[in-house]
Amino acid sequence: MNQKLRTPQTDKLAEAFLAMQTKEEMYSFFEDLCTIAELKAMSQRFEVAAMLTNGVPYADIVEKTGVSTATISRVNRALNYGADGYKTALKRTENK
């Protein structure tokens with residue numbers, strides 16, 4: 001884990017995410033915490049991670065999601081050299 005990310009504030013935020021018990025509670029928390037653009041960007045990156053994991057080419061990802069190739073590259077770098085957060089989340093949410 002990148003120690004620059006770990007602060008008492010981010011620990012509290014992580015605890016708040018983990019405390020949500022339903023999808024509806026999570027949506028309420030998202031609505032209060034994030035702008036629509038921030039939430040859209042996060043959900044798009046997660047979708048891109050899933051597509052890359054399934055071998056979808058960059059051009060198809062751009063066409064289907066509208067994200068930039070820079071965003072795709074950033075997500076791809078995280079998948080290959082990151083902390084495995086995407087991989088863990090994708091594995092735990094597949095078939096849901």
Side-chain angles (χ1 to χ4, degrees):
M1 171 199 253
N2 183 339
Q3 290 303 314
K4 291 180 182 181
L5 294 176
R6 187 139 202 182
T7 67
Q9 293 83 9
T10 54
D11 279 350
K12 285 272 196 194
L13 181 60
E15 290 169 13
F17 276 109
L18 292 169
M20 298 299 108
Q21 296 180 356
T22 66
K23 196 178 289 187
E24 289 75 23
E25 286 180 353
M26 188 55 104
Y27 271 98
S28 294
F29 189 47
F30 283 153
E31 187 174 341
D32 290 346
L33 182 66
C34 303
T35 65
I36 292 170
E38 290 167 335
L39 187 56
K40 182 179 176 184
M42 288 188 292
S43 62
Q44 282 180 325
R45 288 192 296 267
F46 192 62
E47 181 181 10
V48 167
M51 294 172 85
L52 287 168
T53 300
N54 289 320
V56 178
Y58 275 38
D60 292 347
I61 295 172
V62 169
E63 184 180 321
K64 291 177 184 174
T65 66
V67 300
S68 69
T69 56
T71 296
I72 299 168
S73 293
R74 183 168 19 117
V75 172
N76 194 46
R77 188 170 42 255
L79 283 168
N80 290 307
Y81 305 107
D84 290 338
Y86 280 126
K87 291 176 184 175
T88 300
L90 288 166
K91 184 177 179 181
R92 292 184 183 168
T93 59
E94 65 187 20
N95 300 321
K96 287 194 177 189

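- Residues passing the side-chain hydrogen bond (donor to acceptor under 3.5 Å, both in side chains) test with D32, sequence neighbours excluded: none.
- Counting only residues at least two apart or on different chains, no salt bridge (charged side-chain N to carboxylate O under 4.0 Å, His left out) pair has a member in residues 59-82.
- Residue pairs satisfying the side-chain hydrogen bond (donor to acceptor under 3.5 Å, both in side chains) criterion with at least one member in residues 43-57, sequence neighbours excluded, are absent.
- Qualifying side-chain hydrogen bond (donor to acceptor under 3.5 Å, both in side chains) partners for E24, counting only residues two or more places apart in sequence or in other chains: none.
- For E31, there are no side-chain contact (heavy atoms from CB on, under 4.5 Å) partners at least two apart in sequence or on another chain.
- Every residue two or more places apart in sequence or in another chain that forms a side-chain hydrogen bond (donor to acceptor under 3.5 Å, both in side chains) with S68 is listed here: T71.
- A search for salt bridge (charged side-chain N to carboxylate O under 4.0 Å, His left out) contacts involving K40 returns nothing, not counting sequence neighbours.
- Partners of S28 according to the side-chain hydrogen bond (donor to acceptor under 3.5 Å, both in side chains) rule, which considers only residues two or more places apart in sequence or in another chain, do not exist here.
- In the hydrophobic clustering, V75 connects to F46, V48, M51, L52, V56, Y58, I61, V62, V67, I72, L79, Y86, L90, either directly or through intervening members, whenever side-chain heavy atoms lie under 4.5 Å apart.
- Clustering of Ile, Leu, Val, Met, Phe, Trp and Tyr by side-chain heavy atoms under 4.5 Å joins L33 with L13, F17, M20, M26, F29, F30, L39, M42.
- Residues near Y27 contribute nothing to a hydrophobic cluster around it, because no ILVMFWY side-chain heavy atom sits closer than 4.5 Å to its side chain.
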